[in-house]
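Numbering of residues begins at 1 and proceeds along the displayed sequence.
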Amino acid sequence: MSSHWKVDFAPLEKSSSKVAEPVGFVSHNYKSLTSKTPQLLESTENQNHLKMKKAWEVVLGSARSIPMNAFMLYMSGNGVQIWSILVTVMLLWNSLKAIAGVQSAFERFATTPTRITGLSSLLQDPLLPVKLGYIGVNLLNFFLGVYKCSAMGLLPVESDWMQFLEEKIVLENSFGL
């Protein structure tokens, strides 16, 4: 009984049979394609534009959280319960953390690694408008939390400080007949 299976271990270059290319595969000279790619990628102007675009996407991502946070604050209610306090403190804390970490949030988009040593180096930073936008968006989130604290009655108002105000001195009294 002879075997119907036959395995040829000869390399493809030496064998006369050639394996068909898969569907959708087009053979190219890949060395000519890779020689053009670095020229496109090394264009620093193009890379700086893409980095700036991605940096603005970080700012817009932060801005997209404002309506969600406003809805969460609305749904938690104005009563002083553990859930509404936790949501408000989380909003305040995350906003302050984002403002404090603005430099680390945008360091991957920096065109050159720079350390801010003074006001002149800060003003020359090409990411300054992006960073200011990021700080502004997070300040909006922070003020949303402060408004919620005020609505819950957690912030002091004038009536809370009445005991420290001086009593008004009445200069004149009038009585009617």
Side-chain angles (χ1 to χ4, degrees), residues 11-13 15 17-78 81-152 154-155:
L12 286 178
E13 294 88 26
S15 74
S17 66
K18 203 168 189 186
V19 177
E21 294 177 347
V23 177
F25 178 79
V26 180
S27 69
H28 286 292
N29 185 3
Y30 287 108
K31 290 184 181 181
S32 66
L33 288 177
T34 56
S35 66
K36 294 178 187 175
T37 307
Q39 293 172 354
L40 294 174
L41 293 178
E42 289 180 5
S43 169
T44 58
E45 187 175 303
N46 189 23
Q47 281 187 350
N48 290 343
H49 176 71
L50 288 175
K51 284 181 180 180
M52 189 67 76
K53 195 173 179 181
K54 290 291 183 184
W56 277 112
E57 285 179 11
V58 170
V59 175
L60 289 176
S62 224
R64 286 186 189 114
S65 71
I66 292 175
M68 179 197 62
N69 288 330
F71 183 71
M72 276 181 28
L73 292 176
Y74 170 75
M75 291 304 288
S76 67
N78 283 342
Q81 294 102 8
I82 189 71
W83 178 254
S84 58
I85 290 175
L86 284 176
V87 169
T88 307
V89 167
M90 182 235 9
L91 177 65
L92 293 170
W93 181 254
N94 287 342
S95 298
L96 289 176
K97 228 171 36 171
I99 291 171
V102 69
Q103 195 66 22
S104 63
F106 290 103
E107 69 184 8
R108 65 177 182 232
F109 302 116
T111 54
T112 57
T114 57
R115 294 189 72 195
I116 296 177
T117 55
L119 185 61
S120 63
S121 66
L122 177 67
L123 293 177
Q124 292 175 357
D125 187 10
L127 289 173
L128 183 65
V130 179
K131 290 176 183 178
L132 290 176
Y134 185 75
I135 290 171
V137 165
N138 284 301
L139 278 176
L140 283 174
N141 259 338
F142 181 77
F143 289 137
L144 195 63
V146 169
Y147 173 76
K148 179 65 174 187
C149 286
S150 175
M152 287 192 298
L154 297 177
L155 292 182

**Item:** Worked verdict on R108 versus K51 for side-chain contact (heavy atoms from CB on, under 4.5 Å)
**Value:** CA-CA 9 Å; R108 65 177 182 232; K51 284 181 180 180; over 6 Å; no

For the residue pair [X] and [Y], what are the closest heavy atoms and their distance?
{"X": "L92", "Y": "C149", "answer": "CD1-SG, 4.0 Å"}
{"X": "M152", "Y": "S84", "answer": "SD-OG, 3.6 Å"}
{"X": "V146", "Y": "L155", "answer": "O-CD1, 3.6 Å"}
{"X": "N138", "Y": "I99", "answer": "CB-CG1, 3.6 Å"}

**Message:** Could you tell me if the side chain of M52 sits less than 4.5 Å from the side chain of L127, heavy atoms only?
**Reply:** yes

Sequence neighbours left out, cut at 3.5 Å: what donor-acceptor pairs do the side chains of residues 62-70 make with other protein atoms?
{"residue": "S65", "atom": "OG", "partner": "S62", "partner atom": "O", "Å": "2.6"}
{"residue": "S65", "atom": "OG", "partner": "N141", "partner atom": "ND2", "Å": "3.4"}
{"residue": "N69", "atom": "ND2", "partner": "S65", "partner atom": "O", "Å": "3.2"}
{"residue": "N69", "atom": "ND2", "partner": "N141", "partner atom": "OD1", "Å": "3.1"}

**Message:** Going by ring-ring contact (aromatic ring centres under 6.0 Å, His included), name the pairs with one or both residues in residues 84-107, residues two or more places apart or in two chains.
**Reply:**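 Output for this query lists F106-Y134.
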
**Item:** Euclidean distance, K97 NZ relative to M90 CE, rounded to 0.5 Å
**Value:**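 Answer for the CE-NZ pair, M90 versus K97, is 10.5 Å.
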
**Asked** Rounded to the nearest 0.5 Å, how far does OG1 of T88 lie from CG of L154?
**Response** 7.5 Å

**Request:** Please list, chain by chain and in numerical order, all residues satisfying ring-ring contact (aromatic ring centres under 6.0 Å, His included) with F142, sequence neighbours excluded.
**Result:** none

**Asked** How far apart are the C-alpha atoms of V58 and F109, what are their side-chain angles, what is the distance that settles it, and do they pass the side-chain contact (heavy atoms from CB on, under 4.5 Å) test?
**Response** CA-CA 10 Å; V58 170; F109 302 116; 3.7 Å; yes

**Request:** Consider only side-chain N and O atoms of K148 and N78, and report whether a donor and an acceptor are under 3.5 Å apart.
**Result:**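 Indeed, the side chains of K148 and N78 share at least one donor-acceptor pair under 3.5 Å.
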
**Request:** Assess whether side-chain contact (heavy atoms from CB on, under 4.5 Å) is satisfied between I82 and L86, documenting all intermediate values.
**Result:** CA-CA 6 Å; I82 189 71; L86 284 176; 3.9 Å; yes

